[in-house]
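Only this structure's heavy atoms are used, side chains among them; waters, hydrogens and symmetry mates stay out. Chain letters run A, B, ... following the sequence lines, proteins first, then strands; residues in each count from 1.
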Amino acid sequence: MIVVMKLPKVYEAGQYESDIYALWEKSGAFTADPHSTKEHFSISMPPPNETGTLHIGHALFVTLQDILARNARAKGKDVLWLPGTDHAALPVNALIEKQLTDEGTNKHEIGREAFLERTRAFVGNSRDTINTQIRAMGASVDWTRSRYTLDESLNRTVNEVFVKMYNDGLIYRGNRIVNWDPNLETNVSDDEVVYKEEQGKFYTFHYGPFQIGTARPETKFGDKYVVMHPDDERYAQYNHGDQFQAEWINGPVTATVIKDESVDPAFGTGVMTITPWHDQTDFDIAERHGLDKQQIIDFHGKLLPIAKEFAGMPIHEARPKIVEKLESKGLLVSVDENYAHNVALNDRGKGVIEPQIRLQWFIDVNKPAVDWKGEKLTLKQTMQRVITDSDIEIIPKRFEKVYFHWIDNLRDWCISRQIWWGHRVPVWYRTNIDGKTETYAGLQPPTDTSEGWHDWEQDPDTLDTWFSSAMWTWSTLIDQNLAKDPSLSLEDLLEKSIDFKTYHPTTVLETGWDILFFWVARMILVTTYATGQVPFKHVYLHGLVRTENGRKMSKSSPETIIDPMEVIPEYGTDALRLALIQGMSAGNDQRVGRTKILTNRNFCNKLWNIARFIEDTIGDNPDREGAKPISAADHWIVGKLDEAQTKISNDLDKYRFSEAYDTLYHFIWDDFADWYIEASKVEPNKPLLAYLLESVLLLTHPFAPFVTETIWQTLAWEADSILASRELKDIIDHDKKSAADFTEIQAIVSETRFILKALKASGVTLYYNDAPFIWENAGTIKRLARLQDVTETEEGTGVYLTSTKHRSWLDIDARTAQAYLKELQIKQGQQAAAITQLENRLGNENYVKNAPREVVDETKQQLQDAKDLLATLEQETQRFAIMPTE
RNA sequence: GGGUGAUUAGCUCAGUUGGCUAGAGCAUCUCGUUUACACCGAGAGGGUCGGGGGUUCGAAUCCCUCAUCACCCACCA
């Protein structure tokens, strides 16, 4: 193992990290124990794409979750942090299809089985990469429970839930408008559509007696309805259902007038024609009035025979030609060249979305079918109730509003996809010779073979990845062996799986706000329905990591990307982790650059050198028994440790990562290193130093696991001891009054340093008279203030300290000291101003009457202190005035 | 069109239910190699908390309003 006899001067993270991780993994420190009597704590790691590589966003979530997990262990809990990977249906499918295209073939030619075979081989090769990289981040996950979204047990779960929903009438098959991507030849959910603003042309055409506007003339072949608002005065003469003849692209058509309130009279001419097959709004209008729907564009994005001479053309090619034809027929009224409109794109692959009507599987979000707290609720209502009832708390709270808004706009969820990579829809069909069709939903096809019926065939579609991801918190906890037993129901599986019983609901879900809808909301939807439990009690949403200039890191400009795998060897994982949480707050984006990582690398090095110093001071095999504070500094630092440990614990309980780290940082650097270690050089309290180092390592471990564990292993104070599986140490007894003495020493030291600095004096002696406190602490004061000496004497001249009541002065000659008069006067002015302010406050009788007593008492004390200080300052100034200037 | 967030030191940001003379890191300036660390130490300067109004004994914090920036949702033929 890591045996470094003497700690080198600089901490070189790269030398230790992989060994340290191997040590942890081998020790079983991260393996959860459902039989433990300890309190259980569980997190599901959002599964990264199996073909992905670690980026800064992964680094952030690993860091946050790892801090929570390690902190929970340090506080004596049994922790399950479950890792896994996602099959990432759409991107992987698209990638394989692209490979096939490049090879001059396609998925239909090679067939479904060969396609899946090939895909499995491909993902099998790349899955290890991401897991290795997650290890590099120090993730204390339970690898023995690692899951993959296409695991057999997870597939079983997905199918069970589908069938349950089908039987409850929550899943139905219907012809609806979907977001069709002609490139990938699949539909995608509403949330996967992104809009890009483009400058286009807006055409106005004559259409019978009307003028109609459109940005998409190529969809207009089948238009035979004109729609207007019922209250539009301009068209009052036309009645709903009136018919008229109009000359159109390919000759005359008979059109019908439809009155519908969805039309905005202020837009264009207030009249439009509709294309129900290729537009959601038009589809809705057609549904309301029972109108015909006709497909104009095929599923490859080309025009159908209805377009006559334009048939077979891709839309971008057909559009100008159609306009030309209409113009030649005298039907073109005008063209607006500067029409800004939004183009719908598939978020994955950026293919242009063409709305199409297709027969798809949907989840009905408005049907009361969920048993929740004794009520029958719809999926939508359940999703709302778990938040309003505080079964789930979203951090930061403002996202609850965003969440509710999303639910208000939520339509039925289309869960079928026309790709092959994924969980296949567990539905079978068969037809008979009369063309009748039967449908069956189940894990296996029915075995009966009736006369006159063809064999059962499975639906070719697969399920939306998010449908399976939605079960992630609990499908991963189902016993994999039990899941092989077909005689068990879903309820049985849950009831008999000890991990599910122990670790669900999970304690917290930590993820980015950008997948609140995709994932978080859908986990709530599916999990409450299927298990009767919420998936997690808390949701912590982090922000995006941006570049130092505040821009989004993007693949198109690689120079803006901070690649964790590049940073780690250079600065260490801990430095990256600390940089990611410093100044980060929930739900807000943050900027991270090299300087921030560098700063935190320095912090790790600081910790390293603290350990070096302590090891040098107390020796290789130190006496660690009976550590107790003796000096004022000892009491003070134990008190500070106590404060820091308590505050960090409270902050982490509330997911205030940044504040917890800030407290830790300043405790270690300012209090422990700059004050305590310096003070301890006078007379080291060896057992206490050992205790403090151990406590500090344990306290820091969740934030910076590698450097702390490396130090601990190098110290080798205990055989086979691993920091990662140890609990925080109890704070030993300490005395507040002694601790206060040290703050008095700090005041004396600080003032002395300030004076010496201001006067550029060195080699100065501090004299005191009738001041036993200074006598007792002379050594410490001398060392910390870098004085020549601290000596008792008769009254003398020099610069008197004003920050302490213990009578003492610096032996500085009058002429040099004269320069300090200015500083004294400034201080005097400040105190006078403070006194005025405090007196005004206390003079306000409403303040004294209304403010809490402790606040008022505090103010009184402040006033008294300020007055005392001012008196001292005045006395000093006075003395300076009469001091001979030589 | 609807909504959310941000605006605090030169830069990047904290600031929990209103309550110390508003904080940190980086940067700047001065001094310093003192046997843990120059990936260091000591000290300093720097903010009317975006503008305006209100509530309150008291506001960076709560309310109203305006401005600028960012983002989310919906999507218009």
Side-chain angles (χ1 to χ4, degrees), chain A residues 7 9-11 190-191 195 202 212-216 219-220 227 262-264 266-275 279-282 341-342 344 396 398-399 401-402 405-406 408-409 513-514 516-517 543-544 548 550 571 575 579 582-585 587-593 595-596 598-617 650-651 654 656 658-659 662 665-666 673-674 677-678 681 749-750 753-754 756-758 760 762 783-786 830-831 833-834 837-838 841 844-852 854-856 858-859 861-862 866:
Chain A
L7 295 175
K9 212 168 176 178
V10 169
Y11 171 62
D190 293 344
D191 294 302
Y195 294 91
F202 187 75
I212 55 122
T214 184
R216 302 202 55 194
T219 65
K220 298 279 141 193
V227 190
S262 67
V263 177
D264 176 9
F267 187 88
T269 58
V271 182
M272 65 180 193
T273 60
I274 56 168
T275 313
D279 186 279
Q280 178 73 49
T281 314
D282 294 359
H341 67 129
N342 285 329
R398 65 186 148 89
F399 279 99
K401 203 166 178 178
V402 180
H405 185 245
W406 180 79
D408 290 341
N409 287 316
W513 56 257
D514 51 326
L516 177 63
F517 307 141
L544 302 176
E548 229 159 358
Y571 301 99
Q582 194 172 44
M584 178 212 67
S585 54
N588 292 329
D589 294 353
Q590 59 164 333
R591 302 177 187 201
V592 172
T595 47
K596 210 169 174 187
L598 190 77
T599 306
N600 287 292
R601 191 266 323 252
N602 295 352
F603 174 74
C604 295
N605 194 56
K606 188 76 190 178
L607 199 60
W608 182 256
N609 275 291
I610 288 169
R612 275 183 74 206
F613 169 78
I614 292 177
E615 196 190 27
D616 280 354
T617 307
N650 290 338
D651 282 338
K654 290 173 180 152
R656 294 200 278 248
S658 176
E659 283 174 71
D662 191 64
Y665 184 97
H666 290 106
D674 290 344
I677 288 192
E678 289 309 315
K681 285 175 180 173
V749 169
S750 293
R753 284 171 178 170
F754 181 80
L756 297 181
K757 192 88 180 179
K760 298 189 192 332
S762 59
R783 164 116 206 163
L784 293 178
R786 306 230 162 265
Q830 284 168 347
Q831 287 313 308
Q837 198 183 357
L838 292 166
R841 194 181 301 169
N844 180 339
E845 56 183 69
N846 283 322
Y847 172 72
V848 179
K849 200 170 66 191
N850 295 326
E854 61 271 21
V855 176
V856 177
E858 206 180 339
T859 310
Q861 186 59 48
Q862 282 165 357

* Remember a base hit wins even if backbone is also touched, and classify A:H341 as base, sugar-phosphate or nothing at under 4.0 Å, heavy atoms. => nothing

* Asked: In terms of side-chain heavy atoms of A:H405, which of B:A77, B:A36, B:G2 is nearest?
  -> B:G2

* To do: Return no unless some side-chain N or O of A:R601 is found under 4.0 Å from OP1 or OP2 of B:C39.
  => no

* For A:N850 and B:C57, is the shortest distance between a side-chain N/O and OP1 or OP2 below 4.0 Å? -> yes

* Pick the C1' atom in B:G51 and in B:U7, then give their distance to the nearest Å. => 11 Å

* To do: Sticking with atom P, work out how far B:G25 lies from B:G58, rounded to a whole angstrom.
  => 34 Å

* Asked: When we call it a touch if two heavy atoms are under 4.0 Å apart, what does A:A834 touch: a base, just sugar-phosphate, or nothing?
  -> nothing

* Would you say B:A14 has OP1 or OP2 under 4.0 Å from some side-chain N or O of A:S585? -> yes

* Rounded distance in Å between the C1' positions of B:U16 and B:U55 -> 22 Å

* Considering only B:C73, B:G19, B:U30, which nucleotide approaches the side chain of A:N409 most closely? -> B:C73

* For the pair made of CD in A:Q582 and P in B:C26, what is the distance, rounded to whole Å? -> 8 Å

* Asked: Distance check: side-chain N/O of A:K681 vs OP1/OP2 of B:A36, anything under 4.0 Å?
  -> yes

* To do: Quickly work out the A:K757 NZ to B:C29 P distance and round it to whole Å.
  => 14 Å

* Mind checking the C1' distance from B:G15 to B:G23? Whole angstroms is fine. -> 7 Å

* Structure fact -> Taking a pair to mean Watson-Crick or G-U wobble geometry with both distances below 3.5 Å, B:A59 pairs with none

* Asked: Rounding to a whole Å, what distance do you find between A:I610:CD1 and B:C40:P?
  -> 12 Å

* Please tell me which of the listed nucleotides, B:G41, B:A77, B:C73, lies nearest to the side chain of A:F517? => B:C73

* Asked: With distance as the sole criterion, do the side chain of A:E659 and the base of B:A24 form a donor-acceptor contact below 3.5 Å?
  -> no

* Structure fact -> Between A:F267 and the options A:D264, A:T269, A:V271, A:V263, the side chain to side chain contact (heavy atoms under 4.5 Å, CB included) test singles out A:D264

* Send over the distance from A:L544 CG to B:A70 P, rounded to a whole Å. => 16 Å

* Given atom CG of A:N342 and atom C1' of B:C76, what is their separation to the nearest angstrom? -> 10 Å

* Asked: Considering only side-chain heavy atoms of A:S750, which listed nucleotide, B:A77, B:G43, B:C13, is closest?
  -> B:G43

* **Closest to the A:K760 side chain, choosing from B:A42, B:C37, B:U30** => B:U30

* To the nearest Å, give me how far apart CD (A:E854) and P (B:C57) are. => 18 Å

* Output yes when at least one side-chain N/O atom of A:R783 is less than 4.0 Å from OP1 or OP2 of B:G41, else no. => no

* Asked: Considering only side-chain heavy atoms of A:T599, which listed nucleotide, B:A42, B:C57, B:G25, is closest?
  -> B:G25

* Asked: Quick one: is A:R398 getting a side-chain N or O under 4.0 Å of the B:G5 phosphate, OP1 or OP2?
  -> no

* Would you mind telling me which of B:U12, B:U21, B:A36 lies closest to the side-chain atoms of A:E678? => B:A36

* Would you classify A:A673 as touching base, sugar-phosphate or nothing, given that sugar-phosphate means primed atoms plus P, OP1 and OP2, and contacts are heavy atoms under 4.0 Å? => base

* Under the side-chain contact (heavy atoms from CB on, under 4.5 Å) criterion, do A:V592 and A:Q582 qualify, and how do the steps go? -> CA-CA 9 Å; A:V592 172; A:Q582 194 172 44; over 6 Å; no

* Asked: Taking only side-chain nitrogens and oxygens of A:Y195, does any of them come within less than 4.0 Å of OP1 or OP2 of B:C75?
  -> yes

* To do: With heavy atoms under 4.0 Å as the rule, sort A:F754 into base, sugar-phosphate or nothing.
  => sugar-phosphate

* To do: Look at A:K849 and B:C57 and indicate whether a side-chain polar atom (N or O) is within less than 4.0 Å of OP1 or OP2.
  => no

* Asked: Any side-chain N or O of A:K606 under 4.0 Å from OP1/OP2 of B:G41?
  -> yes

* **C1'-based separation of B:A67 from B:G50 [nearest Å]** => 8 Å

* Whole-Å C1' distance, B:C75 and B:A59 -> 41 Å

* **Proximity to the side chain of A:R612 - top-ranked nucleotide from B:C73, B:C76, B:C37** => B:C37

* Under 4.0 Å between a side-chain N or O of A:N588 and OP1 or OP2 of B:C71? -> no

* Structure fact -> Among B:A36, B:C13, B:A77, the one nearest any side-chain atom of A:I677 is B:A36

* Asked: Which one is paired to B:C75, where only Watson-Crick or G-U wobble pairs with both distances under 3.5 angstrom count?
  -> none

* Examine the side chains of A:R841 and A:N844 and answer whether a donor and an acceptor come within less than 3.5 Å of each other. => no

* Give A:V227 one of three labels, base, sugar-phosphate or nothing, depending on what nucleic acid heavy atoms sit under 4.0 Å from its own. => nothing

* Now, which nucleotide makes the Watson-Crick or G-U wobble pair with B:G43, with each of the two distances under 3.5 Å? -> B:C29

* To do: With RNA chain B as reference, determine whether A:F603 or A:E845 sits nearer its 5' end, using the nearest nucleotide of each.
  => A:F603

* Give a yes/no on whether any side-chain N or O of A:T859 is located under 4.0 angstrom from OP1 or OP2 of B:C20. => no

* To do: Name the nucleic acid region contacted by A:D279, choosing base, sugar-phosphate or nothing; use a 4.0 angstrom heavy-atom cut-off, strictly under.
  => sugar-phosphate

* Structure fact -> Taken to the nearest 0.5 Å, the spacing of A:R612 CZ from A:T617 OG1 works out to 11.0 Å

* To do: Tell me whether the OP1 or OP2 atom of B:C40 has a side-chain N or O from A:N602 closer than 4.0 Å.
  => yes

* Between CG on residue A:N600 and OH on residue A:Y571, distance to nearest 0.5 Å -> 12.0 Å

* Asked: Using a cut-off of 4.0 Å on non-hydrogen atoms, how would the nucleic acid contact of A:N650 be classed: base, sugar-phosphate, or nothing?
  -> nothing

* Structure fact -> Rounded to whole Å, CD of A:Q590 lies from P of B:A6 at a distance of 16 Å

* To do: Could you give the distance separating B:A9 and B:A22 at their P atoms, to the nearest angstrom?
  => 14 Å

* With A:K681 as the cation and A:F613 as the aromatic partner, state whether NZ or CZ is under 6.0 Å from the six-membered ring centre and within 45° of the axis. => yes

* Asked: Among B:C13, B:A14, B:C57, which is the nearest nucleotide to the side chain of A:N844?
  -> B:C57

* To the nearest 0.5 Å, what is the distance between OG1 (A:T219) and CD1 (A:I274)? -> 11.0 Å

* Asked: How is A:T595 classified with respect to the nucleic acid when contacts are heavy atoms under 4.0 Å: base, sugar-phosphate, or nothing?
  -> nothing

* Asked: So what does A:S762 touch, heavy atoms closer than 4.0 Å: a base, only the sugar-phosphate, or nothing?
  -> nothing

* Asked: Across the strands shown, which category fits A:T281 at heavy-atom distances under 4.0 angstrom: base, sugar-phosphate, nothing?
  -> sugar-phosphate

* To do: Describe the nucleic acid contact of A:R216 in one word from base, sugar-phosphate, nothing, applying a heavy-atom distance below 4.0 Å.
  => nothing

* A:E858 CD to B:G58 C1', straight-line distance once rounded to whole Å -> 14 Å

* Asked: Can a side chain N or O of A:R786 be found less than 4.0 Å away from OP1 or OP2 on B:G32?
  -> no

